[in-house]
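Inspection log for the structure reproduced underneath, given as structure tokens.
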Amino acid sequence: MEAPPAAAWQPQEEGFREICGLLEHQISPTSTADKSQIWQQLQHFSQFPDFNNYLAFILSRAEGKSVEIRQAAGLLLKNNLRNAYKTMTPANQQYIKSELLPCLGAADRHLRSTAGTIISVIVQLGGISGWPELLQAVITCLDSNDLNHMEGAMDALSKICEDIPQVLDTDVPGLSDRPIKIFLPRLFQFFQSPHTSLRKLALGSVNQYIMLMPAALYESMNQYLQSLFALANDQAAEVRKLVCAAFVQLIEVQPSFLEPHLRSVAEYILQVNKDGDDEVALEACEFWSAYCDAQLPPENLREFLPRLIPVLLSNMAYADDDESLAEAEEDESLPDRDQDLKPRFHTSRFHGSDSAEDDDDDIVNVWNLRKCSAAALDVLSNVFGDEILPTLMPVVQAKLSASGDESWKDREAAVLALGAVAEGCINGLHPNLSQMVGFLIPLLDDKFPLIRSISCWTISRFSKYIVQESGHQKGYEQFDKVLMGLLRRILDSNKRVQEAACSALATVEEEAAEELTPRLEIILQHLMCALGKYQRRNLRIVYDAIGTLADAVGAELNQPAYLEILMPPLIAKWQQLSNSDKDLFPLLECFTSIAQALGAGFSQFAEPVFQRCIAIIHSQQLAKADPVAAGFPYDKEFIVCSLDLLSGLAEGLGSGIESLVSQSNLRDLLLQCCMDDAYDIGQSAFALLGDLARVCTVHLHPRLPEFLDVAVKQLNTPKLKETISVANNACWAIGELAVKVRQEISPVVMTVMSCLVPILQHSEELNNKSLTENSAITLGRLAWVCPELVSPHMEHFMQSWCIALSMIHDDIEKEDAFRGLCAMVRINPSGALSSLVFMCKAIASWHEIRSPELHNEVCQVLHGYKQMLRNGAWDQCMSALEPPVKEKLLKYQV
């Protein structure tokens, strides 16, 4: 390719030498120069408008300099352009572009690749129409038959396809077709190139368009599929991997294209699932889950199961280079490195019926063939159920009965397989479950640590059924053996086993709940012993197991003997950690569960815990304003965990928290948190506001108008869908405040009502069960305390409100809402006439109204309407109701 004639800009020799010298020092491992000083010097040069021209010149023309220096200039240019490109003069932009195009054909691969990266960045910033010469240059190179030019252009094109695929599928002035339509035939041609690099780049580029599916690809789908089949057995593993990736994406996005070829595709994937290259096999393995997730007809896969399941099982054995094998040798005495600590995510408190489900089945670090195969088996077992057992169980049994140290990986994979199908095949496994668990219990003491850890996980996957069987003598004995076996493993000397045993115990605790009471003392002793010996990473899991135990047994924990075992070690840990130490998070969560479980029993520990939460929130708010003065960076999770622990205290201590609140500045801190922009802080802050409204409203009183104002703002926002969890808790808190402050809520009633009614009317679009329920309850509570304000507007919301009320389970909050209904009907009976059928259904949704006076009020409402509707109108209303609804209304004597 001809270089364009040099533009007016020319480098000065001195500047050229100086920049090359700095770059040389920067990349040299042996240079004694201070790297940060060089960095500052380069930053200083960036102020000069033509500095980036020098870098482009060095990359494209500094023939006498090493490739490393030229590449370093290119990478620095790429980073600079990200910030500076849009503010550069057009002349400098043009100079840089004109220097990059000849690099596409550079003799050195690294220079070509660096140029391709920079070209992609410029297209991201300036679009494709801002650089008309580029497309022509790329086409010229692709058509040149010179390998360097073809590879350089293909590399740049593949980066554009990966980073900004949509730009090639837009109309470009001066072109009759979209760029993608011009490139596709050339890419398909490269699928047949003798050069692996071109086949790989071309296939990778086309694959980027499966999700977007531009018209050009849609129209060439047959050619694409034929090309994929032609590449299916390519000698290059990278190409085979991309073929599998294409089939996986197609099955997710456009399954109809594959349907006519499904048998041959599945047959191919099954073969490649055994590929000698693990990465290819992993990509192929993704196909099975993707197929099931796309909810395509399962019968198409049925014929492959007898051959597929043994392949999955053999791929579930640990590979020799799996990092877990090295980790499994680590002794417990080795301290954890910072990178061993996985990021943790605290879920803010949420009032309502759809809190996020924890997915605890994830003993993961890195996704690999073993995990992908186990996930595929799990998905297949959920689709085909017990049908897979006749194929699976003989293989599992053969692997389990293999003796000898050399076959431990097969035994481990068989135990993993049983855990993977625990959910999907439970009916078929159920008759032999106790023998199977009986077989797994001794494996908890196996000499191989990874067999001990996987046995913990698999047993926990059956915990629901182990607990269900514990009602009779034999079942209870087995449950006890499982429990004691897991407790032994909690004190294992191997970190991986400790982690698996603690997670498994937490799962068993959730299922067993009060069944654990007879064994509470021994469970606590083991957990406290673990607390004393674990390293940092596994400590988090012990805290979780302690918190889950407290949630499971509740008030049973409130015995002096248990508290003597539990509290001193936890308080010691609590005192060791500073207010800005992230290891405090799981401990704060653990205390939240304990405070709720012990109730008033926690009061002896409450004061220091309460005060520390206040101190943490205060110090984080200071750090947010000025991290340097605070001495540590701001981290909102400290605030979220502290607010949630304060909620736990309010729930546990009830009005006993009043003296602590009265002597603190919690009210002002909480108001600040309610106003915070971070959604998770807002969510937890409004949860605490509602909890405090229940137990000590008097201390919120001085700033009540401000609390109400900020809560209403959460409901009155165009971004409701994004902030739905904050809105949900704010809505609940307004209702809790209303029933306590009664008439004082009146200034905001109309505003709140105008926000809640649309939520109820559009509940299907919002698709959030909790927000709908809380809106219905809060609207009812407002109607109860201010019926004269709400009742004139009844007919606007009565129908959607009653539909929402009929979905709510019996509880105190539902009682309040119905008190509001009765109060409004007394004032404005005609307001509900047009929605009477819906009101009757809402009343019939009660299993039983516990409060005798509310029961009587509801009777009066129904009798009132029966008397009001003469001449057969009442009977007409009744005839519109289903028989079960009519039957339920009988208890109200109508």
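Residue numbers count from 1 along this sequence. Source: prediction; values computed, not measured. Atom set for the values below is all heavy atoms of this structure, side chains included, hydrogens, waters and symmetry mates excluded.
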Task: Member of Asn494, Asp492, Asp446 meeting the side chain to side chain donor-acceptor pair (under 3.5 Å) criterion with Arg452 - done: Asp492
Determine, for [X] against [Y], whether the closest basic-nitrogen to carboxylate-oxygen distance falls under 4.0 angstrom.
X	Y	value
Lys573	Asp583	no
Glu499	Arg537	yes
Arg461	Asp378	yes

TODO: Indicate the ring-plane relationship of Tyr465 and His430, choosing parallel, tilted or perpendicular according to the 30° and 60° boundaries.
DONE: perpendicular
Open item on the list: Please evaluate residues Asn728 and Asn768 with respect to the criterion side chain to side chain donor-acceptor pair (under 3.5 Å), reporting the C-alpha separation (whole Å), side-chain torsions for both, the decisive distance (0.1 Å), and the verdict.
Closed with: CA-CA 9 Å; Asn728 177 72; Asn768 187 289; 6.0 Å; no
TODO: Start with the C-alpha distance between Asp320 and Lys409, add both sets of side-chain angles, then the distance that settles salt bridge (Lys or Arg N to Asp or Glu O under 4.0 Å), and finish with yes or no.
DONE: CA-CA 10 Å; Asp320 293 334; Lys409 289 180 189 165; 2.6 Å; yes
Write down the atom of [X], the atom of [Y], and the distance for their closest heavy-atom approach.
X	Y	answer
Leu643	Ile681	CD1-O, 3.9 Å
Cys372	Trp367	CA-CZ2, 3.4 Å
Pro633	Gln620	O-OE1, 4.2 Å
Glu406	Ser403	OE2-O, 3.7 Å

Task: Ring-face cation of Arg302 near Phe384 (centre distance under 6.0 Å, axis angle within 45°) - done: no
TODO: Could you tell me whether a side-chain N or O of Asn273 sits under 3.5 Å from a main-chain N or O of Leu308, the two making a donor and an acceptor?
DONE: no
Side-chain heavy-atom pair [X], [Y] within 4.5 angstrom cut-off:
X	Y	value
Val508	Phe479	yes
Val272	Glu283	no
Val482	Ile441	yes

